[in-house]
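Worksheet: one structure, shown below.
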2 protein chains.
Amino acid sequence: MSAKSRSVGAPAKGPEPLRRSKEAVKAASLAAAYELLTEAGLSGVSFDEVSRRSGVAKTTIYRYWPTRSALLFDAVMQFAPRLQTPNTGSLRGDLTALALGLAQRLQTGRWSSAMPSIIDAAERDKEVAEFQSRTHAGMMSGFSAIAARAQARGELGANFDVSELTAAIAGPLFYRRWFSRQELDDAFVRGVVERALGWDSSGHG
Amino acid sequence: MSAKSRSVGAPAKGPEPLRRSKEAVKAASLAAAYELLTEAGLSGVSFDEVSRRSGVAKTTIYRYWPTRSALLFDAVMQFAPRLQTPNTGSLRGDLTALALGLAQRLQTGRWSSAMPSIIDAAERDKEVAEFQSRTHAGMMSGFSAIAARAQARGELGANFDVSELTAAIAGPLFYRRWFSRQELDDAFVRGVVERALGWDSSGHG
DNA sequence: ACAAGTAGCTACTATATCGTAGCTTCAACA
DNA sequence: TGTTGAAGCTACGATATAGTAGCTACTTGT
C-alpha cells in the first residue's frame, strides 16, 4: 500500500526501472518488514519476502541491514507507538483518557498485531527481552507522568506504587485483547479505571 | 530427557535398534513437540527436529499426524494446565489461593513459555484463535466456580460480572509476566486481589 | 557534463524443511 | 511357529531461505 510503486513484473525489459533514492528505499524496506511482521509474525519476515513486497532488491536490503534482527529492530523502533499523556486536571480524568486511548490502539492499531510476535521472541532471546521491556516502559510512561501530577496535587498517598497502578489498568485491557479475546468497549475500560482508583484514593481520586 | 533412549548415532550397524510401542512413540513425539514449542517457539517445531529429538523416525510421525498443525494441536492439548479451584469458605480466600496458584504457574511452568507462541499464532489464524479462547476459558473456569459459590453465600451483588473480575485479577498477573517483565511476588498478587475485591463487596468480601 | 555512488538484476552455493516412496526388521499375537 | 502390523532406515524431489558475487544502469552532486 504505502510504498509499492514498483511492480516486479517486467524483468529487464519494460522501460520503467524506476529507481528510488537511498532514503526511499530504506523507508520502503522498513515498512514492508513491519507489514510482514503484523501479517505473518516474526518468522514470516524474510529478506526474500521483504524484497518482493517493497520492490527493493534483496542485495540492496543486505547493504543496509546485515542480519534479519537488525532489520526487524529498526522496523519495530520506527513504528512503535507513543501514547500521548492527557492532562485533564484530575487523576480520574487523566487515567480514563489514557486508558481509552490505549484501548483504541489495542483494537485498531497494527501495533497490537505485531506485539505478540515480539513477546514471543522475548521469551527466548535475552536481548529481545531487554529491548521489549525498555520499549514497553517508554510506552507506559504516561502513567508515571499522570501519577506524578496527581501526587503534586495531593491526590495520592506517599506509599503508592505507579507500577501497580499501571498493571491494574493496562493488565485487564491487554488480557481482553489477547487472552480472553473479549470485547473492549468503553464501559469495560471505565470500569477498570474505577476499580484501580478505588483503592488508594478512596473518595474522589 | 523423557523418552530419548535411542541414539541415532549407529546407522544400521549397532545391535540396539530398540523399537518402542505405538503408544510410547506417540508420547515421545508429543513430548518432543511441546518441548520444542517452549524452547524455540512455533516456528521451531518441525518434523525433522521432532524426529531428531524424540528418536522417532520422521515417517512414523507422519503416520500419526499428517500436518504440523495436527501435531502441535495434540501436543498443546496434552500439556495444557488445569488450575484447581480452591475452596476456603470465603471469596477473598478462594481468589487469593487461585491467584497465587496462577502466579506460580506463570513463573515456573513450561506452559508460560509456550503461551506467547499460541497467542501469536492466534493473531493470524482464526482456528487457532478459537481454540485458544476456548482453552483459555476452560483454564479460567475456576473464577466462575468461586464466584458462583460466593454469590450463593450472598457475598456478591446481582449486577456482577465474572469476566470483569477475571480480567481484574489475571490481567495484572499476565501483564507483569509477559509485558512489563517485573517481579511477581506474593505481595503483588495479594494486592491485585484486594483491589479487585474492593469494588463490589466493599467491607469484608 | 562528468564522476561517483548505489539501486537493481541474475546467478550461485548452502542449508532447512516438507512430504513421499520403498525397503528392512523387529515384536506382538494367534 | 509363522503371519502381520508397524517402527525405522535411506533416499528422493520440491521449495524457501540465508547470504554472496559480479555486473549494468540510473541518480545525485559537483
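By convention in this document, chain letters (A, B, ...) are assigned in the order of the sequence lines, proteins followed by strands, and residues within each chain are numbered from 1. Just so you know, these numbers use all the heavy atoms, side chains as well, and skip hydrogens, waters and symmetry mates. Note that the structure is a prediction, hence the values are computed from the model and not measured.
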Figure out the [atom1]/[atom2] separation between [X] and [N], and round it to whole Å.
| X | N | atom1 | atom2 | result |
| --- | --- | --- | --- | --- |
| A:L72 | D:dT17 | CG | P | 14 Å |
| B:R52 | D:dT10 | CZ | P | 14 Å |
| A:R20 | C:dG5 | CZ | C1' | 18 Å |
| B:F47 | C:dT20 | CZ | P | 9 Å |
| B:L71 | C:dC18 | CG | P | 10 Å |

Could you work out which one of C:dG8, D:dT17, C:dT17 sits closest to the side chain of B:D48? C:dT17

Considering only C:dG19, D:dG8, C:dT6, which nucleotide approaches the side chain of A:K22 most closely? C:dT6

Sorted by number, the residues of residues 58-68 of chain B with heavy-atom contact under 4.0 Å to DNA chain D: B:T59, B:T60, B:R63, B:Y64

List in chain and number order the residues that pass side chain to side chain contact (heavy atoms under 4.5 Å, CB included) with A:T67, two or more places apart in sequence or in another chain; answer none if no residue qualifies. A:S69, A:A70

Taking salt bridge (charged side-chain N to carboxylate O under 4.0 Å, His left out) as the test, write out the residues that go with A:E39, two or more places apart. A:R53

Listed partners of A:R190 passing salt bridge (charged side-chain N to carboxylate O under 4.0 Å, His left out), at least two apart: none

In chain order, what residues pass the ring pair (Phe, Tyr, Trp, His ring centres under 6.0 Å) check against B:F143, with sequence neighbours excluded? none

Name all residues meeting the ring pair (Phe, Tyr, Trp, His ring centres under 6.0 Å) criterion together with A:F79; count only those two or more places apart in sequence or in a different chain, and write none if there are none. A:Y34

Using the benzene-type ring in the case of Trp, are the ring centres of A:Y175 and B:Y175 under 6.0 Å apart? no

